[in-house]
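Below, each value reflects all heavy atoms present in this structure, side chains not excepted, and no hydrogens, waters or symmetry copies. All ligand and atom numbering here is 1-based and tracks the order in the structure.
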Amino acid sequence: MTKLDILVIAAHPDDAELGCSGTIAAHVAKGHKVGIVDLTKGEMGTRGTPEIRLQEADEAAKILGLSARENLGFSDIYFQNDHVHQHELIKVIRKYRPEIVLANAITDRHPDHGKGASLATHACFMSGLRKIETSLDGIPQDPWRPKFVYHYIQNNYIQPDFIFDITDYWDTKVASIMAFKSQFFDPSSQEPASFISSPEFLPFIESRSREFGHRIMTKYGEGFTIERFIGINDLFDLK
Ligand SMILES: [Zn+2]
């Protein structure tokens with residue numbers, strides 16, 4: 001089974017691409033193994049179908065060079081941070097044994113994002129508890145707790161705790177977002193307009209990335225929040 005260095009947990013297919021695909025691409029380029037688990041198929045989205053969005057997610061996975069991508073098929077909008085969903089997510093965390101988890105924004109316009117964030121945080125902690133027993137394909141799984149959970153920032157502005165420089169991976173980020181053709185601005189589309197299909201949405205994503213990049217004196221950045229403190233032992237480690 002593939003052990004991942006980084007597992008990205010996302011409520012909807014395209015959350016990871018919009019929130020942290022530059023950071024993903026940068027770590028893949030450094031030789032790390034990165035995977036995404038999408039919690040739902042985004043079936044409540046205004047545009048597209050679950051089948052189309054799965055194809056788009058596969059296309060984006062190729063662009064980002066992911067080592068794994070899977071979809072848990074939770075119910076879009078209705079999934080909860082409860083026992084049943086925690087158990088399914090713990091199975092995935094124990095399967096891939098990531099050192100770092102990147103999870104949804106802690107609070108956002110879409111209620112699934114904050115829910116996905118707390119579900120991921122709880123499942124990462126619970127995954128380390130020996131007395132929670134899970135199995136995969138009939139084989140019992142060992143406990144595993146990721147060292148860090150960082151939350152990417154999505155629609156609503158959140159003050160980041162750190163910003164990752166994605167300048168060299170901006171083009172890859174855009175390409176991975178555009179893989180979700182059904183969701184974004186397409187003048188030839190016959191589907192109803194949505195919040196993210198307006199021509200203003202992608203320039204907004206760019207301006208957010210430029211704002212974060214500007215704050216660390218680079219061109220483009222992605223911001224993250226942390227639920228604990230990060231320790232350092234060399235002041236020169238900070239950029
Ligand atoms: Zn979403």
_Backbone N/O of Tyr220 and side chain of Thr167: donor-acceptor pair under 3.5 Å_ =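 Here the side-chain-to-backbone pair exists.
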*Is the Lys NZ or Arg CZ of Lys115 less than 6.0 Å from the centre of Phe79's six-membered ring, within 45° of the axis?*
yes
*Stacked cation flag Arg208 on Tyr157, 6.0 angstrom / 45 deg*: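 No, Arg208 and Tyr157 do not form such a contact.
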*Please confirm if an N, O or S atom belonging to His113, backbone or side chain, lies less than 2.8 Å from the Zn ion (ligand 1).*
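Yes, since at least one N, O or S atom of His113 sits under 2.8 Å from the Zn ion (ligand 1).
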*N/O/S atom of Asp15 under 2.8 Å from the Zn ion (ligand 1), yes or no?*
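For Asp15, the answer is yes, given that an N, O or S atom comes within less than 2.8 Å of the Zn ion (ligand 1).
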*Set of ring pair (Phe, Tyr, Trp, His ring centres under 6.0 Å) partners for Phe229, sequence neighbours left out*: none
*Of all N, O or S atoms in His12, identify the one at the shortest distance from the Zn ion (ligand 1).*
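Of all N, O or S atoms in His12, the Zn ion (ligand 1) lies closest to ND1.
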